[in-house]
Amino acid sequence: MKLFLLLLIAFLALVYIYTFIKIRKKRKNPAKSAVEDFNEKYLSPKVPPVNNNHHLPANYKKQITKYNSTIDYIDKSEL
C-alpha cells in the first residue's frame with residue numbers, strides 16, 4: 001500500500017513538473033492571437049495589381065460577351 005502511494009505521488013509530481021515547464025515556455029514565447037493573425041494575413045494593405053498588357057499585340061481589342069458585359073440588367077421593353 002505504501003509503495004502504491006509513493007508511486008502515485010511520484011507520478012503526480014512528474015505531471016506537475018511537466019505542466020509547469022510547458023506553461024513557462026508558453027509565457028516566454030507569446031504567440032499571436034487568432035485576431036492578430038487574421039488582421040495581419042487578410043487586412044494588410046494590398047499591393048495594386050501589375051498591368052500585364054505589355055505582351056498583347058497593338059491591334060488587340062478586348063471582346064465583350066454576355067458573361068463579362070458592362071451592362072448588368074436590361075429590361076425587356078428596352079430591347
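As the structure is a computational prediction, the values presented were derived from the model and not from experiment. FYI, side chains are in, hydrogens and waters are out, and symmetry mates aren't considered; it's all heavy atoms of this structure.
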Quick check for you: to the nearest 0.5 Å, what is the distance between [X] atom [atom1] and [Y] atom [atom2]?
X     : Y     : atom1 : atom2 : result
Met1  : Leu5  : CE    : CG    : 5.0 Å
Leu12 : Ile17 : CG    : CD1   : 11.0 Å
Leu14 : Thr19 : CG    : OG1   : 10.5 Å
Ile23 : Lys26 : CD1   : NZ    : 8.0 Å

Item to check | Stepwise side chain to side chain contact (heavy atoms under 4.5 Å, CB included) test for Leu6 and Lys2 | outcome: CA-CA 6 Å; Leu6 185 63; Lys2 288 182 183 180; over 6 Å; no

Checklist entry - What orientation do Phe38 and Tyr42 show, parallel under 30°, tilted 30 to 60°, or perpendicular over 60°? => result tilted

